[in-house]
Novice: 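Have a look at this one.
Per chain, numbering begins at 1; letters A, B, ... match sequence-line order.
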Amino acid sequence: MSTINKNATQIVATVVSNKRVGQYHQLIINIGELAALCKPGNFVAINVGGENSRMILRRAFAISRVSTNTISGGTLELIVAPHGQGSRWLCSQSEGSTLDIVVPLGTAFGIPTEPVQALLVGGGYGSAPLFGLAEVLNAKGCRVDMLLGASTASKIYAPMEGKRAVNSLRIYTEDGSMGQSGRVTEPIKALIEDMNIAVIYSCGPMAMLSAIDAITRGTHVVHQCAVEESMACGIGICMTCVLPVADESGNIFMLRSCIDGPVMDGSFVQWDKVGEVL
Amino acid sequence: MSTINKNATQIVATVVSNKRVGQYHQLIINIGELAALCKPGNFVAINVGGENSRMILRRAFAISRVSTNTISGGTLELIVAPHGQGSRWLCSQSEGSTLDIVVPLGTAFGIPTEPVQALLVGGGYGSAPLFGLAEVLNAKGCRVDMLLGASTASKIYAPMEGKRAVNSLRIYTEDGSMGQSGRVTEPIKALIEDMNIAVIYSCGPMAMLSAIDAITRGTHVVHQCAVEESMACGIGICMTCVLPVADESGNIFMLRSCIDGPVMDGSFVQWDKVGEVL
Amino acid sequence: MTVLDFSTTLGNAWFPAPTFTASGCASSGRELAQFFDLKDMGAVVTKSVMMKARTGRPTPRMAETPSGMLNSIGLQGPGIDAFLAKDIPYLVEQKARVIVSIAGETIEEYSTLARKLRSVSGISAIEVNISCPNVENRGLVFACDPEASRRVIDGVRRTIGGELPIIAKLSPDVTDLVAIARGVVDSGADGLALINTVLGMVINLDTMRPHLGGKTGGLSGPAIRPVAVRAIYQVHAAMPQTPILGMGGVSSGRDALEMIAAGASGVSIGTASFGNPTAIMTIQNELKDLIIAKGFTSLRQVIGYAHRPDEAKDE
Amino acid sequence: MTVLDFSTTLGNAWFPAPTFTASGCASSGRELAQFFDLKDMGAVVTKSVMMKARTGRPTPRMAETPSGMLNSIGLQGPGIDAFLAKDIPYLVEQKARVIVSIAGETIEEYSTLARKLRSVSGISAIEVNISCPNVENRGLVFACDPEASRRVIDGVRRTIGGELPIIAKLSPDVTDLVAIARGVVDSGADGLALINTVLGMVINLDTMRPHLGGKTGGLSGPAIRPVAVRAIYQVHAAMPQTPILGMGGVSSGRDALEMIAAGASGVSIGTASFGNPTAIMTIQNELKDLIIAKGFTSLRQVIGYAHRPDEAKDE
Ligand SMILES: Cc1cc2nc3c(=O)[nH]c(=O)nc-3n(C[C@H](O)[C@H](O)[C@H](O)COP(=O)(O)OP(=O)(O)OC[C@H]3O[C@@H](n4cnc5c(N)ncnc54)[C@H](O)[C@@H]3O)c2cc1C
Ligand SMILES: Cc1cc2nc3c(=O)[nH]c(=O)nc-3n(C[C@H](O)[C@H](O)[C@H](O)COP(=O)(O)OP(=O)(O)OC[C@H]3O[C@@H](n4cnc5c(N)ncnc54)[C@H](O)[C@@H]3O)c2cc1C
Ligand SMILES: Cc1cc2nc3c(=O)[nH]c(=O)nc-3n(C[C@H](O)[C@H](O)[C@H](O)COP(=O)(O)O)c2cc1C
Ligand SMILES: Cc1cc2nc3c(=O)[nH]c(=O)nc-3n(C[C@H](O)[C@H](O)[C@H](O)COP(=O)(O)O)c2cc1C
Ligand code: FES
Ligand code: FES
């Protein structure tokens with residue numbers, strides 16, 4: 001049993017700002033002292049739709065970055081794609097409105113103790129938590145290269161200030177509207193071989209994570225991926241968000257991606273069995 | 001079958017203003033040319049809670065007054081008591097927000113063809129439609145006396161400008177915090193006898209309407225009351241809002257208060273059978 | 001531009017669109033005609049009519065619940081004779097397609113009602129409401145008893161002859177819906193209407209008593225949609241040849257599409273009209289657009305689509 | 001200041017408050033302990049445990065619906081031995097009251113589970129989940145079959161002896177809930193848990209297939225509350241002496257009060273905790289305040305209050 005949610009707190013937080021960035025919304029939310037407890041990879045769970053909402057479940061969003069030395073207290077940043085009713089509602093919340101939010105939740109990316117070479121791979125809004133991670137890795141003396149991919153330019157999230165912590169950044173779009181044309185996973189194999197990559201951190205669609213796993217399988221590269229499964233509770237009590245994960249001896253368990261994840265060791269996830277009965 | 005909803009239209013209308021008046025909210029809503037079709041006694045049905053609302057039914061509100069010569073187009077006024085979730089939501093809508101509204105609905109107060117003496121009796125927010133009615137009666141040359149009652153002062157709605165069309169206005173509160181102490185129905189018997197009242201128009205709680213009926217029964221005074229029954233549809237299709245009403249020959253029918261009302265001849269309503277099986 | 005064949009059939013009855021009113025949620029049609037043209041939708045399903053005029057249940061007759069409502073109307077209505085004299089001619093004059101819903105307190109009464117309808121022109125089908133939970137039949141609802149259900153339909157079938165399609169309207173409040181469905185189809189029903197309301201109750205916390213005059217009521221609206229979709233899916237899986245008129249919480253084109261994919265040939269819209277007088281037309285248009293957007297060329301291709309084996313797992 | 005006796009009993013088990021978790025909606029308790037102290041609420045009802053470890057149903061396992069959700073977990077769990085070794089000691093250490101929920105695939109399995117629990121200390125009661133619609137038992141759910149329900153409870157009763165109260169958890173998806181309830185009480189159940197989820201389905205309109213990996217799922221949340229209140233009211237009316245643990249969509253103190261007035265001695269909170277980790281404590285406090293505001297001095301006075309004849313019609 002994990003004890004990772006020991007800092008999780010349910011609070012009412014104020015929206016500090018809400019800006020459109022491409023097809024996403026950047027939300028800055030004041031969470032006061034909790035900001036200091038948030039780590040790259042953690043996520044938040046937010047009530048959506050207001051008081052009379054027919055949406056009864058919270059929505060999960062990765063913490064993109066936190067700021068602890070703001071005048072208004074600690075803040076966190078979310079990058080939200082207007083997907084369905086709930087995320088659209090969130091994207092429509094203006095400065096000053098309040099949100100019922102549980103923060104921080106889930107596992108965080110493991111940070112190497114040595115200054116190793118790290119490759120960060122983000123798909124769509126999956127890039128959001130990678131910039132905060134890059135800062136931490138950078139401070140540890142790691143070399144940080146980043147690959148971002150999406151179907152089209154407006155779905156690439158790559159803020160100016162985020163790039164500071166990154167040694168290189170390459171962008172891939174499927175329609176070629178930004179950066180190189182193609183999938184973000186294509187260059188990985190060559191990069192692993194050319195550079196001395198010790199760890200890949202990835203966040204994005206499950207298909208992307210699974211493709212990266214196929215590439216790293218059999219190599220020495222550690223693959224820490226942030227998975228994204230449908231979550232009803234986000235705090236480990238409902239068992240809806242499970243993924244088949246093997247332990248060291250090869251026994252497969254259905255682990256909760258909200259509490260035993262979202263960051264997991266990609267090599268233990270049984271990608272081909274996701275969505276199957278064991 | 002009544003054809004009274006022939007002007008009913010579903011529109012998206014803008015809130016022009018929202019002011020607190022005692023325990024109520026005065027909402028002014030721009031309904032454009034439909035304002036010209038609204039008559040005293042008619043009501044509106046409004047969607048509440050916004051897009052993701054778990055409240056699936058419209059809320060009914062009496063049209064307090066209409067204004068056809070405003071710069072912004074025709075407007076109507078509602079006096080809304082924050083009762084439950086839906087009306088509270090409505091009271092929280094600020095200037096510029098839009099409402100999905102069906103207007104005008106239901107029967108209107110019958111206007112005498114001769115300039116007779118009329119007594120208007122309102123309970124709580126029930127006074128709202130009476131001021132618009134008073135203007136119409138006044139224009140017809142009727143003498144208009146008004147009695148307003150409520151449990152306490154903050155539940156009396158009696159706007160300054162409304163009083164212009166009224167020859168006399170007396171206020172009753174049960175706790176004596178405004179006007180005379182007591183129930184609004186107490187002076188009616190004496191008034192009928194002292195003055196040559198031809199018609200009483202009433203709007204307020206069912207108990208008040210029923211009490212007025214008991215007083216007018218056996219007299220020549222016509223009692224036009226606006227009833228208030230729980231309504232699911234407001235347009236005559238659901239049969240939830242029925243009241244037992246006798247026809248001329250004494251046969252009792254369950255009439256829909258939304259479409260065969262809300263204004264009804266009080267002497268035909270079977271007040272003692274409301275809520276009973278026939 | 002894609003041309004979509006939006007028509008549907010229930011037994012031998014043809015409808016230009018698959019979107020109907022739900023019985024009891026459109027009165028006799030007149031009230032909605034104020035908001036749109038009745039002939040533009042699939043069909044008007046009239047409020048269940050009984051032999052005699054009925055005043056129904058005491059008020060309060062409704063309670064709003066989260067994403068739903070309870071009703072306890074108790075089949076208030078004018079009785080079959082007044083209905084045939086006044087309501088049918090009006091609907092025919094409007095060129096609306098009409099499905100007449102009937103309800104009885106005895107098996108006999110259903111047959112008598114069917115006899116009254118036999119020679120009436122302008123009716124496309126009969127919906128036999130054997131599932132209204134508000135009518136007392138020694139505490140038992142017809143549709144909860146396989147034997148009684150069968151006998152009602154059998155009686156109606158014999159009386160009506162082979163012309164008018166019979167649609168049996170079932171209650172979801174049963175242990176084995178498929179068994180009831182099989183029974184009524186074996187007895188001569190051409191189609192099934194799924195689902196009637198789910199039995200529910202609300203306690204009024206001011207009086208601390210059941211809120212409705214009739215104590216229990218029928219739950220309808222979006223809250224019950226997953227129950228309706230399940231019922232349609234289960235019955236279509238067991239009896240793919242039997243046309244189903246789906247209903248229960250449909251309030252958008254996507255909801256209607258869900259039911260059609262689950263196996264419904266048509267969809268009735270009830271409670272949504274209370275919140276939105278033009279709901280049926282909006283839903284009809286949204287459904288059409290959705291089906292076209294998905295690349296289908298006829299409604300028929302969509303009926304029961306969710307039962308097909310997955311061709312591509314990566315969809 | 002009014003002093004309220006907020007305690008309740010289920011059979012011979014006593015609880016300081018009537019607000020419990022719902023089985024399967026609190027895992028083993030640890031996860032919620034992060035948000036409040038487990039000993040502050042009535043009791044933790046643990047996730048239904050089976051003999052062997054189970055991986056459950058394929059994902060997706062949930063779909064949000066209007067004011068509700070579907071789940072199809074399929075009783076994923078560690079099996080009774082691991083559960084007794086790890087989870088019970090933790091809960092006991094937290095000083096939480098514990099109701100253990102058990103589920104079996106055979107009548108035999110239920111008895112075996114009961115035997116395992118017999119000598120475990122720190123358990124207040126056993127909830128026997130015979131109503132989970134996700135487990136295949138040749139397509140039949142125990143709680144939908146009066147005979148099977150009785151036999152399960154009979155087996156558990158014989159095994160467990162007279163000490164631990166047995167609460168039978170029933171499904172609302174039956175034609176005659178009262179008959180099932182009577183059967184299990186006659187077979188030795190001390191109380192009833194009402195209701196388990198309602199069977200439902202959602203079609204995914206992208207894939208045009210059932211959304212859940214397990215196709216159908218159980219509907220829970222506020223959407224089903226009116227169904228739960230009705231079930232509690234009906235069963236309490238028929239069997240006023242049998243304590244009922246009410247559940248289904250409770251998300252506020254007023255919802256809990258509705259169930260208690262309908263006849264529940266205690267209330268379980270499931271889905272509400274997903275939207276709100278502190279829901280149980282909030283509901284517990286709201287309920288207490290409401291009951292005090294209404295002038296009652298003990299919870300017991302409120303249980304089944306809605307069944308009393310109206311003293312004053314003008315209330
Ligand atoms: C750990 C985690 C981190 C995430 N981070 C981000 C992020 O940084 N930015 C962002 O835009 N989105 C993120 N998502 C996805 C986001 O949670 C969904 O887009 C959102 O829940 C959709 O809700 P909706 O009401 O708009 O859509 P609907 O489709 O209407 O939602 C219906 C239900 O399905 C669930 N659901 C639907 N899609 C997803 C999904 N992809 N993942 C999980 N649940 C889903 C919803 O929570 C809801 O319960 C993350 C999800 C997880 C699990
Ligand atoms: C013809 C008519 C005219 C009205 N005029 C006014 C007015 O001018 N000002 C005003 O403040 N209120 C008026 N009301 C009452 C108003 O409709 C209710 O206060 C409102 O519907 C309560 O909704 P809620 O969500 O706040 O309360 P809730 O109690 O949460 O509502 C639950 C359900 O019950 C119905 N309901 C509850 N109370 C009433 C009621 N008193 N009458 C009808 N339905 C009810 C609601 O419509 C809703 O469907 C009028 C009602 C009718 C029928
Ligand atoms: C107010 C009301 C009255 C109803 N009356 C009838 C009726 O007379 N006959 C019938 O077969 N069904 C009746 N129903 C059930 C509906 O036809 C429909 O089956 C059910 O409401 C589910 O659909 P919905 O959620 O779209 O309303 C009624 C429903 C409501 C809400
Ligand atoms: C995700 C989930 C898992 C559940 N698992 C169980 C279970 O293991 N055993 C059981 O008896 N009921 C289970 N239930 C049913 C609940 O205990 C409860 O009866 C039902 O959800 C209604 O209550 P609610 O609306 O408060 O959730 C589960 C419900 C949900 C939503
Ligand atoms: S989302 Fe509930 S256990 Fe993970
Ligand atoms: S409110 Fe529906 S008929 Fe009057």
Novice: List the atom pairs, donor and acceptor, that lie under 3.5 Å between side-chain atoms in residues 204-217 of chain A and the rest of the protein, sequence neighbours left out.
Specialist:
{"unit_1": "A:Asp213", "atom_1": "OD1", "unit_2": "A:Arg217", "atom_2": "NH2", "d": "3.1"}
{"unit_1": "A:Asp213", "atom_1": "OD2", "unit_2": "A:Arg217", "atom_2": "NE", "d": "3.2"}
{"unit_1": "A:Asp213", "atom_1": "OD2", "unit_2": "A:Arg217", "atom_2": "NH2", "d": "2.8"}
{"unit_1": "A:Asp213", "atom_1": "OD2", "unit_2": "A:Trp271", "atom_2": "NE1", "d": "3.4"}
{"unit_1": "A:Thr216", "atom_1": "OG1", "unit_2": "A:Ile212", "atom_2": "O", "d": "3.2"}
{"unit_1": "A:Thr216", "atom_1": "OG1", "unit_2": "A:Asp213", "atom_2": "O", "d": "3.2"}
{"unit_1": "A:Arg217", "atom_1": "NH2", "unit_2": "A:Ser267", "atom_2": "O", "d": "3.3"}

Novice: Against chain D, label A:Val102 side chain, backbone, both or neither, depending on which of its atoms sit under 4.5 Å from a heavy atom there.
Specialist: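 Contact with chain D involves the side chain of A:Val102 alone.
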
Novice: Mind ranking A:Met231, A:Met55, A:Arg54 by heavy-atom pairs under 4.5 Å with chain D and telling me who comes out on top?
Specialist: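 Looking at each option in turn, the highest pair count goes to A:Arg54.
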
Novice: Using atom types as modelled and distance alone, determine if a side-chain donor or acceptor of D:Thr21 lies under 3.5 Å from a backbone N or O of D:Val45.
Specialist: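 Between the backbone of D:Val45 and the side chain of D:Thr21 there is a qualifying donor-acceptor contact (under 3.5 Å).
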
Novice: Shorter than 4.5 Å, heavy atoms on both sides: which option in D:Pro60, D:Ala26, D:Gly270 has the most such pairs with chain A?
Specialist: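 Going by pairs under 4.5 Å, I would pick D:Ala26.
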
Novice: Is the closest side-chain donor-acceptor distance between D:Arg57 and D:Gln76 under 3.5 Å?
Specialist: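 No - no donor-acceptor pair under 3.5 Å links their side chains.
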
Novice: Contact part of D:Thr65 toward chain A, heavy-atom cut-off under 4.5 Å: side chain, backbone, both or neither?
Specialist: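 Just the backbone, heavy atoms under 4.5 Å.
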
Novice: Aromatic ring centroids of A:Tyr125 and A:Tyr157 under 6.0 Å?
Specialist: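 No, they do not, as the ring centres are separated by 6.0 Å or more.
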
